[in-house]
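Please read the structure below before turning to the comments.
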Amino acid sequence: MPVAGMHQHFRFATGLRPLHPHFIEMTTQSHATSKPAKTFLHIGIFSGMLLAFLKFLQYTVGNPPFSISIAVGFVASTMAAASILACRKVKVNWVLLLFLVICAASIIVARPLPSFQSWERLILLSVSLMAISPLLTSPAFNATRNMAWWAMMMLSRVTVGASFIIYLILLLGVEEFPSGHTLYPFYGSTIEYMILSPIAAMVALDSLWRAINIPGKTASLSWLAATVVSCLICALTGSRITLAGLATGIVVTIWFTRKELKQRLAGHAAVVILCLAVAVGAVFVARNHIFHMVFFKMELAESNGSVTASRDGKWADRIQEFKDEPLLGIGFAAQKYYRSQFDDPERYGKPGPIEPGSSWLSVIAQTGMVGGLCMLAFLCCVILTARRNLREPSLRKETTLFLAILSMTMVNGIAEGWLLFAGGGVFMPFWFSCGMIAGKAPNRLLTLTPQKRFSISMELAGGLTTQTDEKKSTKLTR
């Protein structure tokens with residue numbers, strides 16, 4: 001099928017427009033992947049997403065049948081393994097693979113309580129990372145992840161749109177619609193405002209990026225309106241760290257698209273200034289309504305002596321856990337100290353309902369210095385790849401979007417501890433962004449192809465043979 005035909009077929013099947021034809025062109029490389037392997041790959045990646053979604057349901061609306069999770073996990077791992085064996089040019093990010101090995105080693109050494117389900121959560125993490133992260137990259141992997149990414153974005157836009165409709169209905173004073181929904185705290189079409197906030201922030205950054213890059217005044221104004229709505233929903237949730245991450249993502253987007261933005265705004269300076277003045281004035285007038293939950297949390301935190309009072313104790317616990325086991329940590333997905341009665345699995349008998357309080361502190365607490373350095377190396381790899389992609393005209397625009405979302409999730413990880421938990425609100429945005437950035441031009445120093453692994457082994461074998469010959473010749477000379 002020609003590229004244009006695949007492009008139209010993709011739009012018909014998903015209702016979405018791909019970022020760049022370069023994404024779809026990768027699926028035409030028949031020499032790289034056989035047709036059965038592509039089929040296995042598609043099933044494996046989407047099964048991995050479904051597995052993370054099932055875990056998300058377990059964290060929120062209750063426990064789905066465990067047999068379904070096992071079945072989906074088996075399908076995802078089997079299909080992914082079959083595609084790896086059948087595909088060519090598959091590259092492995094050995095830093096991320098090493099991090100998973102370190103997580104397993106931390107469980108073996110620390111032996112956390114069975115109630116934490118550390119092994120089960122590590123398996124879920126591994127299968128999900130095979131699907132959406134740069135753990136495995138190839139042309140077929142990248143193309144399939146592109147479709148999965150835009151499917152997720154479509155669902156996220158629907159979630160934010162439905163939440164906005166619920167907000168308007170509640171704003172009109174309609175009571176008990178739907179049952180349990182309130183303006184404060186506001187959680188829209190989800191069941192938890194901490195889940196809605198990162199979704200709204202991601203949609204806001206995507207909409208802003210489209211408003212800047214998509215040609216046409218009507219399209220730009222439409223996406224700009226979507227940006228405003230998404231920012232409003234994010235502010236209503238009251239998540240301070242998500243708002244900080246959203247602000248960071250907006251700065252990243254504007255900075256790396258400043259040339260395009262300057263061209264779009266040329267000759268419209270007066271209109272832009274007027275619109276900004278109206279927007280700032282509207283936010284100022286309605287600030288008590290829009291930021292009601294933010295002000296409430298700030299007042300509550302200041303009454304406890306610190307603006308970060310809700311996290312100070314958890315951060316101190318994670319640091320103490322790292323001090324107790326500095327090398328390999330206390331075990332993946334485990335927790336040793338508790339500051340809240342709601343996160344004690346022994347008291348309530350729940351399957352490890354921990355609240356880390358920070359993704360980055362939880363990494364060093366659970367996997368120690370070794371795991372922390374490995375995660376730092378992986379993030380450096382992704383950022384360096386993004387820097388290289390920003391210099392490529394064909395990759396600059398799309399890299400800007402993923403870098404902005406990555407920045408938002410990294411800031412969110414300072415006070416939210418779910419970046420390593422399949423099913424967490426920011427899990428998919430974070431790892432998808434890493435996969436979409438690193439998958440375009442993976443760092444050669446941090447990936448190993450089958451050919452490279454073979455060449456390294458041959459070089460080692462050749463070196464050993466040379467050393468043996470030298471020893472033999474030395475003995476003969478003597």
Side-chain angles (χ1 to χ4, degrees), residues 56 59-60 116 163 180 182-188 190-202 231-249 287-324 329-330 333-348 350 352-366 372 407-421 423-427 429-430:
F56 164 78
Y59 287 142
T60 54
F116 289 124
S163 299
T182 59
L183 271 176
Y184 310 114
F186 181 74
Y187 48 88
T190 66
I191 63 168
E192 175 60 52
Y193 69 92
M194 294 303 293
I195 295 175
L196 178 60
S197 57
I199 294 176
M202 180 177 62
C231 290
L232 172 64
I233 297 298
C234 186
L236 288 171
T237 62
S239 175
R240 295 171 293 169
I241 193 64
T242 304
L243 287 172
L246 174 60
T248 304
R287 64 187 184 280
N288 291 327
H289 169 70
I290 297 175
F291 299 104
H292 176 83
M293 287 301 299
V294 175
F295 294 154
F296 173 76
K297 289 183 176 181
M298 291 294 291
E299 292 175 0
L300 183 62
E302 289 176 356
S303 65
N304 290 323
S306 171
V307 295
T308 58
S310 62
R311 292 293 184 271
D312 288 343
K314 298 182 183 299
W315 291 345
D317 289 344
R318 302 294 83 77
I319 294 174
Q320 185 60 47
E321 289 169 350
F322 171 70
K323 291 180 179 179
D324 292 345
I330 62 172
Q335 187 168 319
K336 188 176 179 180
Y337 301 106
Y338 302 94
R339 293 281 174 151
S340 170
Q341 61 178 352
F342 301 106
D343 59 10
D344 189 343
E346 292 184 330
R347 180 170 181 176
Y348 284 87
K350 296 180 180 179
I354 67 174
E355 172 54 63
S358 172
S359 294
W360 310 121
L361 291 179
S362 66
V363 168
I364 62 172
Q366 296 173 8
S407 302
M408 182 271 293
T409 55
M410 290 180 66
V411 172
N412 188 276
I414 296 175
E416 296 296 336
W418 307 113
L419 289 182
L420 294 180
F421 288 78
V426 295
F427 176 83
F430 174 77

Within-4.5 Å side-chain heavy-atom neighbours: T237 and T242 = no
query = Has the side chain of E321 got a donor or acceptor atom that lies under 3.5 Å from a matching backbone atom of G329?
reply = no
query = Taking the side chain as C-beta and beyond, is there a heavy-atom pair between L236 and Y193 under 4.5 Å?
reply = no
ask   = Considering all heavy atoms of both residues, which atom of F427 and which atom of L419 are nearest to each other, and what is their separation?
value = CD1-O, 3.2 Å
query = Looking at W360 and M410, what are the two nearest heavy atoms and their distance?
reply = NE1-O, 3.1 Å
CH2-OG distance between W418 and S358, expressed to the nearest 0.5 angstrom = 12.0 Å
inquiry  = Could you tell me if the side chain of R318 sits less than 4.5 Å from the side chain of Q335, heavy atoms only?
reply    = yes
query = Can you find a pair of side-chain heavy atoms, one from S163 and one from Y187, that are under 4.5 Å apart?
reply = no
Parallel, tilted or perpendicular: ring planes of F295 versus F291, cut at 30 and 60 degrees = tilted
Under 3.5 Å, which donor-acceptor pairs link side chains of residues 298-306 to any protein atom two or more places apart or in another chain?
{"unit_1": "S303", "atom_1": "OG", "unit_2": "E299", "atom_2": "O", "d": "3.4"}
{"unit_1": "S303", "atom_1": "OG", "unit_2": "L300", "atom_2": "O", "d": "2.5"}
{"unit_1": "N304", "atom_1": "ND2", "unit_2": "L300", "atom_2": "O", "d": "3.2"}
{"unit_1": "S306", "atom_1": "OG", "unit_2": "T308", "atom_2": "N", "d": "3.2"}
{"unit_1": "S306", "atom_1": "OG", "unit_2": "T308", "atom_2": "OG1", "d": "3.1"}
{"unit_1": "S306", "atom_1": "OG", "unit_2": "D312", "atom_2": "OD2", "d": "3.0"}

query = How many angstroms lie between atom CE of M408 and atom OG of S197, to the nearest 0.5 angstrom?
reply = 8.5 Å
ask   = How far does CD1 of I414 sit from OG of S359, to the nearest 0.5 angstrom?
value = 10.0 Å
query = Does L243 reach the side chain of C234, with side-chain heavy atoms less than 4.5 Å apart?
reply = yes
query = Which heavy atom of I330 sits nearest a heavy atom of K336, and at what distance?
reply = CD1-N, 3.8 Å
request  = List the steps, then state whether side chain to side chain contact (heavy atoms under 4.5 Å, CB included) holds for F430 with N412.
outcome  = CA-CA 10 Å; F430 174 77; N412 188 276; over 6 Å; no
query = Is any side-chain heavy atom of F322 closer than 4.5 Å to a side-chain heavy atom of L361?
reply = no
remark   = Between F116 and A333, the two heavy atoms sitting closest are CB-O, 3.5 Å
query = Under 4.5 Å between any side-chain heavy atoms of S239 and M194, yes or no?
reply = yes
ask   = Can you name the salt bridge (Lys or Arg N to Asp or Glu O under 4.0 Å) partners of R311, sequence neighbours left out?
value = E416
message = To check you understand the geometry: which heavy-atom pair defines the closest contact between G357 and W315, and what is its length?
response = O-NE1, 3.0 Å
ask   = Which heavy atom of V294 sits nearest a heavy atom of G238, and at what distance?
value = CG2-CA, 3.8 Å
